[in-house]
Every structure is written in C-alpha cells, then in structure tokens.
Engineer: 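Here it is: the structure, laid out below.
Start at 1 and go down the list; that is how both ligands and their atoms are numbered. This is a predicted model, so every value here is computed, not measured.
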Amino acid sequence: MRARTAILISGRGSNMRSLIAAAADPTFPAEIVLVISNVECAHGLVHAAEAGIASKIIPHKPFPSREAFDAALDEALQDAEVEIVCLAGFMRILSDWFARKWEGRLLNIHPSLLPAYKGVHVHERVIAAGEKASGCTVHFVVPELDAGPIVAQASLPVEQGDTPDTLAARVLQVEHRLYPEALKMLAEGRAKLENGKTVFV
Ligand code: GRF
C-alpha cells in the first residue's frame with residue numbers, strides 16, 4: 001500500500017508539482033491523494049487539477065482562530081484518510097496541537113541549510129552575509145518554526161554576482177529533487193521521528 005499523502009500549498013506549487021511527478025511512478029511509495037490551498041487563486045491548484053489530483057480550498061480568513069482553521073484542515077485530511085502531509089510553500093504557521101497531532105508524519109521544505117536562516121527572505125540574508133554555500137532542507141514539522149529534525153538536506157555554492165532571484169532559482173531546482181527523496185524515505189519507513197530526533201533505518 002502506498003502512503004496516502006496530502007500537499008498543502010499557498011501559491012506557485014512548484015514543489016507540489018515535483019512531488020506529484022515523482023508519485024506518478026506507481027513504484028513510488030507515496031500516493032498524492034489531496035492538495036489543499038488556503039489561497040483561492042494559488043497557481044498550484046491549476047496544476048493539481050491538470051494532474052487529476054483532488055484539491056480543496058480552505059481560506060483561512062473566515063476562521064475565528066488559528067486553531068479553528070487548523071481543525072478544518074485536520075478534518076479534510078482525515079476525510080481523505082491521509083497518512084502523510086507535505087507542506088510546500090504553505091504560508092501559514094500551524095498551531096501547536098496540529099503539529100503535535102501530525103508529528104512524524106508532517107514534512108516541510110525550507111530554502112536554506114537549517115538551522116541557519118530560518119524564516120523569510122532567506123536568499124537576501126544569505127547573500128548579505130557573504131555565505132559561500134546555501135541549500136535546502138526537508139524537516140519534520142514541530143511547533144517551533146523551521147526547527148524540526150532534519151530528514152534531508154542538499155547544498156550548493158553561492159556564486160559571485162548571485163542575486164536573491166538567481167540563488168532562489170538554483171536552490172529551487174535542488175528542492176525539486178530533494179523533496180521527493182525525503183518523502184520516499186518517510187513513506188518507506190527509512191526515516192522516522194523518534195524521541196524528537198530523525199532516525200534513519
Ligand atoms: C520554496 O522555496 C520552499 O522552500 C518554501 O517556499 C517556496 C515554495 O515554492 N517553503 P513553490 O510554491 O513550491 O514553488
């Protein structure tokens with residue numbers, strides 16, 4: 001049985017596309033069964049539809065609290081019998097209870113070599129600091145932002161003359177390779193979260 005996987009997006013959805021493409025191979029251990037967006041016009045939704053993947057729009061604004069929005073997310077995931085959730089450019093901070101409930105089954109991708117450069121405007125800060133290397137990280141989601149145990153990481157050189165846009169574009173290429181690898185490891189049980197640490201089997 002392939003692991004039933006949902007992808008949460010807010011925008012472009014290029015990482016979502018790389019996960020959908022990887023899972024189009026029937027031997028891939030995860031199956032993408034649902035895409036959820038909190039943004040109605042998220043471009044990724046078009047690609048999800050083209051790929052024949054069920055999608056759901058859950059706008060966060062009408063909800064009275066973060067917890068109420070997360071409860072609606074959780075319900076949609078349960079209805080679809082989802083086992084693994086991948087955040088892919090999902091621009092909402094999740095509540096502690098959601099992160100705890102999905103602990104070990106919830107992944108995020110971040111465009112830096114975590115624990116360095118958590119948060120936003122990563123590439124600007126990497127260049128401003130004169131870093132020689134950057135990269136991307138797939139990690140388990142824990143309540144603290146961008147702080148969960150690392151599942152997979154890849155680095156690349158920062159080139160002379162890089163702008164935030166050129167660096168972002170090269171990092172994104174690497175993200176598209178790394179995220180399917182990390183999902184594969186989790187779905188196969190080769191990476192798991194135990195006592196707050198990633199264990200590789
Ligand atoms: C990626 O750079 C990802 O690392 C970050 O947000 C961006 C999402 O891009 N979390 P996309 O929507 O997957 O194209």
Engineer: Students should be able to answer this: which protein heavy-atom is nearest to atom 8 (C) of ligand 1, and at what distance?
Structural biologist: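 Here the nearest protein heavy atom works out to Gly89 CA, 3.6 Å.
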
Engineer: What are the atoms of ligand 1, with element, lying closer than 4.0 Å to any heavy atom of Arg12?
Structural biologist: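 Counting from 1, the qualifying ligand atoms are 9 (O), 11 (P), 12 (O), 14 (O).
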
Engineer: Quick one: salt bridge (Lys or Arg N to Asp or Glu O under 4.0 Å) partners of Lys184, sequence neighbours excluded?
Structural biologist: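 Only Glu188 meet the salt bridge (Lys or Arg N to Asp or Glu O under 4.0 Å) criterion with Lys184.
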
Engineer: Looking only at the side chains, is there a donor atom on one of Asp165 and Thr163 sitting less than 3.5 Å from an acceptor on the other?
Structural biologist: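 Not at all, the side chains of Asp165 and Thr163 share no donor-acceptor pair under 3.5 Å.
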
Engineer: Under the 6.0 Å and 45° cation-pi test, does Arg105 pair with Trp102?
Structural biologist: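 The answer is yes, since Arg105 meets both limits relative to Trp102.
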
Engineer: Are the side chains of Leu34 and Ile36 in contact, using a 4.5 Å heavy-atom criterion?
Structural biologist: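 SC-SC contact between Ile36 and Leu34 confirmed.
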
Engineer: Kindly list each side-chain donor-acceptor pair under 3.5 angstrom involving residues 127-134, sequence neighbours excluded, with atom names and distances?
Structural biologist:
unit_1	atom_1	unit_2	atom_2	d
Glu131	OE2	Tyr117	OH	2.6

Engineer: Could you tell me if the side chain of Glu144 sits less than 4.5 Å from the side chain of Lys118, heavy atoms only?
Structural biologist: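 A side-chain contact exists here, since the closest heavy-atom pair is under 4.5 Å.
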
Engineer: Backbone or side chain, does any N or O of Asn108 fall under 3.5 Å from an N or O of ligand 1?
Structural biologist: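 Between Asn108 and ligand 1, no N or O pair is found under 3.5 Å apart.
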
Engineer: So which protein heavy atom does atom 1 (C) of ligand 1 come closest to, and at what separation?
Structural biologist: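 Nearest neighbour among protein heavy atoms for atom 1 (C) of ligand 1, to 0.1 Å: Glu175 OE1, 3.1 Å.
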
Engineer: Starting from atom 11 (P) of ligand 1, what is the nearest protein heavy atom, named by residue and atom, and what distance separates them?
Structural biologist: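 Heavy-atom neighbour on the protein nearest atom 11 (P) of ligand 1: Ser14 N, 3.4 Å.
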
Engineer: Does some non-hydrogen atom of Ile109 fall short of 4.0 Å from ligand 1?
Structural biologist: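 Judged by the 4.0 Å heavy-atom criterion, Ile109 does count as contacting ligand 1.
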
Engineer: Give a yes/no verdict on whether any heavy atom in Cys136 is under 4.0 Å from an atom of ligand 1.
Structural biologist: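 Contact check Cys136 vs ligand 1: negative.
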
Engineer: Using a 4.0 Å cutoff against the non-hydrogen atoms of Gly13, which atoms of ligand 1 qualify?
Structural biologist: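 Atoms satisfying the 4.0 Å criterion: 11 (P), 12 (O), 13 (O), 14 (O).
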
Engineer: Please indicate whether any nitrogen or oxygen in Met16 is less than 3.5 Å from any nitrogen or oxygen in ligand 1.
Structural biologist: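 N/O-N/O distance below 3.5 Å does not exist for this pair.
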
Engineer: Would you call the rings of Phe69 and Phe63 parallel, tilted or perpendicular if under 30° counts as parallel and over 60° as perpendicular?
Structural biologist: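 Ring orientation of Phe69 relative to Phe63: perpendicular.
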
